[in-house]
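For reference, the structure is listed below as C-alpha cells.
Source: prediction; values computed, not measured.
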Amino acid sequence: MARLNDDAQWIVLMGFIVSFALFFIAILINQSTIVGQTTAEAVSEFPKTDIREVRGMIIQSEFLGDENDKTNVQREIRNLSLSRHNAVVEFSSSPPAGSDPYTHIEMHYNNGVTAYNETWRSE
Amino acid sequence: MVNADGQLYTIEGVAAALILLLTAYIVVNSTSVYTMGDTHISDMQLEVVGDDALKMMNTAPNSSVEKTSLRTIIETGDAVQFQEMFDSIVNAKTGTGRDRIQFMANVTYERSDGTVGDVPLGASSHIFTGREHAVRVTEWVIVDSPCPLCSDVTSGKHAVLVEALVWRD
C-alpha cells in the first residue's frame, strides 16, 4: 500500500497562502468598484439644494407684504415642488402673538426618500 | 477497487476547485457592476457647478440693487442675457481655455387655471437632443407678473422655478 507522502509540506502551505491571498484581492477589487458609485449616488440623491432652496422660499414668502401675493406664492411653492421636484412640501406659520414676539414656521419636506422637518423661528 | 489512499490529495483538489470557482464568481460579478463609477462623481460635480451658477445669478450684486439678475432676466424675458451670463459662469476655467459645459433652461410656473406650464429661457449653441447625459439644477425665484415669458398668470408676485439641464460634451 502506498504511504501518504508528507514531503514538501512547505510548498503545499505556500500554495494555500497564495490562493487565499488571491481570493481576498478578488474581494477587494469586487468591492472597490462599488465604493465610488455608492458614495456619489448618495450625494446626488440627497436633495440638499432642493431643501435649502424651498426652505429659503418659504421664509421669504412669509414676509411678503401683500396678503394676496403671499397666498399665490405659497400655493405655487407647494404645487411646483410636487410637480417638478416630486416632493410634498407643507408648511404653516404662526405670527407673533401675546408675549411671544417671534414668527414660527413649521416646514415639512418629503420626497419619498428623504424627509426634512423644521420649526423655524424669526430671530 | 475502492481504497483509502490519497485522501489528502482528494481534499486538496476539492478545496482548490472551490477556491477557483469562488474567485471566478467574484471576478465575473465585479465586471457586472463595472458601470463607470466615475460618471456619478462627475455628475455630482456638474450639479454643484450648475447650481452655484444659478445661485450666483439669483444673488443681487450689492445691497442697493433690488432685483437679482435672474429675476430681471425672467421679468423681461431676456433669453440672450441669460445665455451669455450662464454660459460665462459655468464655463469659466483656470487658464485660457473654456470648459465644454452646455445647457438648456426652462422656466416652470403655475398658470392661472392651476396647471403647471413651462417656457424655454435659453440654451447653449449645442441643441439638447435627449441623448446627452445631463443633470438637472433648479432655482426658485419670486417675480413680478405679468412677464413676457409667463403671460397667462394673474398679476402680482409669483414663485417660478428655473430649471436647467446641464451636460458636458
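Linking ILVMFWY residues whenever their side-chain heavy atoms come closer than 4.5 Å, directly or via other members, leaves V141(B) and V116(B) in distinct clusters. Both V153(B) and L70(B) are members of a single hydrophobic cluster when ILVMFWY side chains are connected at heavy-atom separations under 4.5 Å. Under a hydrophobic-cluster definition in which Ile, Leu, Val, Met, Phe, Trp and Tyr are linked whenever side-chain heavy atoms come within less than 4.5 Å, directly or via other members, V89(A) and Y116(A) are assigned to the same cluster. Under the 4.5 Å side-chain heavy-atom criterion for ILVMFWY residues, a single connected hydrophobic cluster contains both M85(B) and V107(B). Hydrophobic clustering of Ile, Leu, Val, Met, Phe, Trp and Tyr side chains at less than 4.5 Å, counting indirect connections, unites M57(B) with V137(B).
Residue L64(A) touches chain B through its side chain alone, counting heavy-atom pairs closer than 4.5 Å. With a threshold of 4.5 angstrom between heavy atoms, E163(B) approaches chain A through side-chain atoms but not through N, CA, C or O. Heavy atoms closer than 4.5 Å to chain B are found nowhere in D66(A), neither backbone nor side chain. When heavy atoms are compared at a cutoff of 4.5 Å, Y109(B) approaches chain A solely by way of its backbone atoms N, CA, C and O. Proximity to chain A involves both the backbone and the side chain of E110(B), based on heavy atoms less than 4.5 angstrom apart. Using a 4.5 Å cut-off between heavy atoms, V160(B) touches chain A through its backbone atoms (N, CA, C, O) alone.
Separation of atoms CZ (R52(A)) and NZ (K55(B)) is listed at 6.5 Å; rounding is to 0.5 Å. Atom CG of D144(B) and atom CG of D69(A) lie 7.5 Å apart (nearest 0.5 Å). Here T108(B) contributes atom OG1 and H85(A) contributes atom NE2; the two are 9.0 Å apart, rounded to the nearest 0.5 Å. D51(B) CG to T49(A) OG1: the interatomic distance, rounded to the nearest 0.5 Å, is 4.5 Å. The distance from atom CZ of F23(A) to atom CG of L18(B), rounded to the nearest 0.5 Å, is 10.0 Å. From E53(A), atom CD reaches atom CG of N58(B) across 8.0 Å, with rounding to the nearest 0.5 Å.
Qualifying side chain to side chain contact (heavy atoms under 4.5 Å, CB included) partners for A134(B), counting only residues two or more places apart in sequence or in other chains: F128(B), L165(B), W167(B).
Contact detail for L161(B) and L80(A): the closest heavy-atom pair is N-CD1, 4.1 Å. Taking all atoms of both residues into account, the shortest heavy-atom contact from A26(A) to I26(B) is O-CG2, 3.4 Å.
Residues M57(A) and I142(B) meet the side-chain proximity criterion, which asks for heavy atoms closer than 4.5 Å. Side-chain contact check for T23(B) versus L22(A): every heavy-atom pair is 4.5 Å or farther apart.
Tested against W140(B) for a side-chain contact (heavy atoms from CB on, under 4.5 Å), the candidates D50(A), V73(A), V54(A) yield a single pass: V54(A).
No donor-acceptor distance shorter than 3.5 angstrom exists from the side chain of E76(A) to the backbone of H158(B), with no hydrogens or angles considered.
Atom CZ of F63(A) is surrounded by more than 12 heavy atoms from other residues, nucleotides or ligands within 6.0 Å. Atom CE of M56(B) has 12 or fewer heavy atoms from other residues, nucleotides or ligands within 6.0 Å.
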For a side-chain contact (heavy atoms from CB on, under 4.5 Å) check, start with the C-alpha distance between K48(A) and E47(B), then their side-chain angles and the critical distance, and finish with the verdict. CA-CA 11 Å; K48(A) 180 186 72 179; E47(B) 223 173 277; over 6 Å; no

